[in-house]
Amino acid sequence: MRAQLGRVDAVLVQAVIAAALSFAHLHDLASAAGQDGWKAWAYPVSVDLLMVAAWRRLRSGRDKAAAWCWFLVALTASLGANIATAGLLDLADVPDWLRILVAGWPALAFLGGTLLTHTAKETPVPEDVPETTPAPESAPEPEPEPTPPTAPVPAALVEHARKVADAHRARTGSPLDPDTLRARLGVPAPLAAQIAAQLT
């Protein structure tokens with residue numbers, strides 16, 4: 001456990017030293033390029049924040065290509081400042097192209113940080129599914145009404161109906177239909193049909 005803490009402490013100290021030196025180099029380069037005062041201190045902060053945002057996107061596993069791109073941009077800015085301030089560049093006479101790069105860095109860092117931080121994960125758009133018209137539900141067929149049991153027709157009623165039918169035939173020359181029989185006898189239609197069936 002103590003050995004592990006020792007390794008962590010050593011890495012942490014090394015990271016702090018590297019960050020402090022890179023911070024100072026970026027500050028010195030920005031100041032030499034004409035960005036004095038608080039602006040010279042803001043440059044190293046923007047580089048470090050862009051690098052942190054890119055690293056977090058890499059750790060999240062989303063859109064690694066963009067994360068690597070912006071991580072390399074921030075790393076190039078940091079390494080470039082370290083190399084430029086190592087005696088390879090006359091800080092008293094900074095070339096115009098470097099002044100342009102330093103002046104354009106805030107817009108670039110803002111763009112990269114915004115894209116890395118606020119780009120939402122795209123959700124797939126569902127394909128258009130053709131609407132299907134549901135089949136109309138068929139109405140259940142009505143159950144047939146139960147036929148009441150037929151009672152036998154009294155013989156006297158059948159005999160009376162026969163006389164009415166014979167009189168009708170003698171008068172009109174045509175057989176008596178069930179509707180006329182029902183009207184003459186004053187009985188319900190089912191009974192009249194039953195009587196008429198016995199007359200044939």
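Just the heavy atoms: all of them, side chains too, but no hydrogens, waters or symmetry mates, feed the values below.
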Separation between [atom1] of [X] and [atom2] of [Y], rounded to the nearest 0.5 Å:
X: Leu29; Y: Leu98; atom1: CG; atom2: CG; answer: 5.0 Å
X: Leu101; Y: Thr76; atom1: CG; atom2: OG1; answer: 11.5 Å
X: His27; Y: Asp36; atom1: NE2; atom2: CG; answer: 9.0 Å
X: Leu50; Y: Trp105; atom1: CG; atom2: CH2; answer: 5.0 Å
X: Trp41; Y: Trp38; atom1: CH2; atom2: CH2; answer: 14.0 Å
X: Gln35; Y: Tyr43; atom1: CD; atom2: OH; answer: 3.5 Å

Just wondering, are more than 12 heavy atoms of other shown residues or ligands nearer than 6.0 Å to CZ in Arg99?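 Enclosed.
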
Any chance CZ of Arg171 has more than 12 other-residue heavy atoms, nucleotides or ligands included, within less than 6.0 Å?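 Enclosed: over 12 neighbouring heavy atoms sit under 6.0 Å from CZ of Arg171.
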
Would you name the heavy atoms of Thr180 and Asp177 that are closest together and state the gap between them?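 Taking every non-hydrogen atom into account, OG1-OD1, 2.8 Å.
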
Decide yes or no for Arg169 and Pro175: does some side-chain heavy atom of the first lie under 4.5 Å from some side-chain heavy atom of the second?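 Arg169 vs Pro175: side chains touch.
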
Listed partners of Ser31 passing side-chain hydrogen bond (donor to acceptor under 3.5 Å, both in side chains), at least two apart: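 Testing Ser31 for side-chain hydrogen bond (donor to acceptor under 3.5 Å, both in side chains), a comparison that skips the adjacent residues, returns none.
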
Do [X] and [Y] sit in one hydrophobic cluster, given that two such residues count as connected whenever their side-chain heavy atoms are within less than 4.5 Å of each other, even indirectly?
X: Phe110; Y: Leu115; value: no
X: Val102; Y: Val94; value: yes
X: Val52; Y: Leu108; value: no
X: Val45; Y: Trp55; value: no

Is the side chain of Arg57 donor-acceptor paired with the backbone N or O of Leu116 at a distance under 3.5 Å, no angle test?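 Pair found, side chain donor or acceptor close to backbone of Leu116.
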
Any donor-acceptor pair under 3.5 Å from Ser78 side chain to Leu75 backbone: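 Here the side-chain-to-backbone pair does not exist.
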
